Amino acid sequence: MKKSIGIVGCGAIGGFIAKAIDKELKPFAKIAALCDIDNNRAMNLRELLSKKPPIVSLNRLIDKSDLVIEAASGKFSSEIAKKALLEKRDVMLMSIGGLLGKSKSLFELAEKKKAKIILPSGAICGLDGIKSAGIGRITKITLTTRKPPKGLRGAPYIIANKIDLDAISDECVLFEGTAKAAVRAFPKNINVSALLSIAGIGAKKTTVKIVTSPEYTANTHEVEVEGDFGRLVTRTENVPSPQNAKTSFLAQLSAVATLKQYLNDSVKIGT
Ligand SMILES: NC(=O)c1ccc[n+]([C@@H]2O[C@H](COP(=O)([O-])OP(=O)(O)OC[C@H]3O[C@@H](n4cnc5c(N)ncnc54)[C@H](O)[C@@H]3O)[C@@H](O)[C@H]2O)c1
């Protein structure tokens with residue numbers, strides 16, 4: 001039977017997922033409903049779909065769905081997850097930053113309600129290895145994010161430390177600290193740092209480095225992990241989503257790949 005999917009957030013990621021369900025995932029799923037705080041965005045997305053789903057409130061969407069997909073905002077992701085889980089709905093979350101400090105209670109709720117929480121790997125690579133490594137002991141996880149200076153403009157850390165990004169002429173490390181501190185200092189890096197922390201050794205033990213240079217043209221995430229298994233390093237050079245420059249195209253692709261696995265799990269590849 002086709003799964004009914006409700007999409008909360010009709011922007012770059014939500015829209016990409018909706019179009020995939022409307023086309024290649026059609027044999028397995030249908031869009032039960034759309035929801036967005038900006039009704040125009042939901043209406044614009046509906047116009048692009050061959051089957052026109054209803055635009056409804058969050059509560060109504062949860063009611064109509066087997067799986068609720070959140071692609072909205074870190075400010076609301078944990079609340080959306082909680083509401084869906086309480087109604088025994090599976091939930092896939094993209095705004096992982098909103099789960100920091102709340103993931104444990106949500107994971108417990110999912111277990112109690114026999115529902116699933118699904119967290120796609122988004123804009124980074126290496127979670128497969130981290131999950132395997134975590135069966136043994138992981139001693140260190142470091143995320144090094146490289147961004148051009150303009151990609152860091154407006155970050156609370158840059159403002160608080162009065163860093164003149166235009167005066168930077170060479171590659172330099174702007175920040176090094178725990179993932180917990182990094183998500184406050186550079187909230188736009190929040191999803192990647194949060195997901196690594198949740199999958200690995202927690203936000204207090206995960207180290208984040210933010211590096212910039214006027215020479216950089218892409219947003220690059222390097223993950224380095226050490227443990228009983230040895231050492232792994234991954235490097236992801238992301239191109240931005242055509243619909244939202246702040247979102248990596250890989251995050252959109254990851255959402256659809258994860259959904260595909262959820263809908264048809266007869267073959268599982270990796271970890
Ligand atoms: N996990 C990852 O690697 C990763 C990568 C990129 C983006 N993200 C996160 O995914 C989310 C979606 O990203 P995007 O690029 O599609 O953003 P977007 O800005 O293109 O779209 C977000 C949409 O959600 C809507 N929205 C905001 N709050 C809402 C709410 N409470 N209820 C309903 N709708 C709401 C907005 O009006 C907008 O239409 C963001 O929170 C972003 O930080 C995660």
Side-chain angles (χ1 to χ4, degrees), residues 5-20 31 33-48 53-62 65 68-84 91-100 102-103 117-127 130 143 145 147 151 154-155 179 182-183 186-199 208 218-223 234 236-259:
I5 299 185
I7 299 176
V8 186
C10 300
I13 297 180
F16 195 77
I17 296 171
K19 285 178 219 155
I31 303 174
L34 300 173
C35 158
D36 198 297
I37 38 166
D38 180 343
N39 208 43
N40 285 332
R41 298 198 80 166
M43 288 197 307
N44 290 343
L45 175 58
R46 184 168 66 173
E47 279 314 299
L48 301 174
I55 296 168
V56 297
S57 68
L58 176 62
N59 287 345
R60 184 83 189 104
L61 178 140
I62 291 172
S65 307
V68 175
I69 298 183
E70 178 281 327
S73 154
K75 282 192 200 135
F76 303 101
S77 54
S78 68
E79 193 185 314
I80 293 167
K82 191 172 171 190
K83 278 191 170 177
V91 61
M92 183 168 125
L93 302 164
M94 293 309 296
S95 310
I96 319 268
L99 303 192
L100 268 191
K102 296 171 188 151
S103 58
I117 296 180
I118 301 155
L119 308 179
S121 38
I124 49 161
C125 298
L127 287 178
I130 293 176
L143 167 71
T145 294
K147 284 191 175 182
V183 296
F186 294 92
K188 287 195 181 139
N189 218 32
I190 194 167
N191 293 303
V192 169
S193 309
L195 187 58
L196 262 185
S197 303
I198 292 169
V208 175
N219 291 345
T220 302
H221 297 299
E222 240 171 55
V223 177
T234 71
T236 315
E237 295 176 7
N238 282 302
V239 301
S241 143
Q243 292 84 26
N244 179 357
K246 287 186 205 147
T247 286
S248 299
F249 182 41
L250 188 65
Q252 293 176 298
L253 298 171
S254 156
V256 171
T258 306
L259 179 58

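Ligands are counted one by one from 1 in listed order, and the atoms in each one are counted from 1 as well. What you are looking at is a predicted structure, and each value in this text was computed from that prediction instead of being measured. Both backbone and side-chain heavy atoms feed into the values below; hydrogens, waters and symmetry mates do not.
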Does Asn244 come within less than 4.0 angstrom of ligand 1, counting non-hydrogen atoms of the residue? yes

So the atoms of ligand 1 within less than 4.0 Å of a heavy atom of Ala251 turn out to be 5 (C), 6 (C)

Val68 and Val8: side chain to side chain contact (heavy atoms under 4.5 Å, CB included), yes or no, with the steps? CA-CA 7 Å; Val68 175; Val8 186; 3.9 Å; yes

Whether the side chain of Asn219 engages the backbone of Lys147 through a donor-acceptor N/O pair (distance < 3.5 Å, no angle test) should be reported. no

Can you find an N or O of [X] that's nearer than 3.5 Å to an N or O of ligand 1?
| X | result |
| --- | --- |
| Ile13 | yes |
| Ser95 | yes |
| Val8 | no |

Protein contact to [atom] [nearest heavy atom, distance to 0.1 Å]:
| atom | result |
| --- | --- |
| atom 9 (C) of ligand 1 | Asn191 ND2, 3.5 Å |
| atom 39 (O) of ligand 1 | Asp36 OD2, 2.6 Å |
| atom 21 (O) of ligand 1 | Gly11 CA, 3.2 Å |

So do the side chains of Leu99 and Leu119 get within less than 4.5 Å of each other, counting heavy atoms only? yes

Is any side-chain heavy atom of Leu143 closer than 4.5 Å to a side-chain heavy atom of Val223? yes

For ligand 1, which part of [X] has a heavy atom less than 4.0 Å away: the side chain, the backbone, both, or neither?
| X | result |
| --- | --- |
| Ser73 | both |
| Val192 | neither |
| Arg41 | side chain |

With no hydrogens and no angle check, do the side chains of Ser95 and Glu70 hold a donor and an acceptor under 3.5 Å apart? yes

To the nearest 0.5 Å, how far apart are CG in Asn244 and CD in Gln252? 8.0 Å

If I compare all heavy atoms of Asn191 with all of Met94, which pair ends up nearest, and what's the gap? OD1-O, 3.6 Å

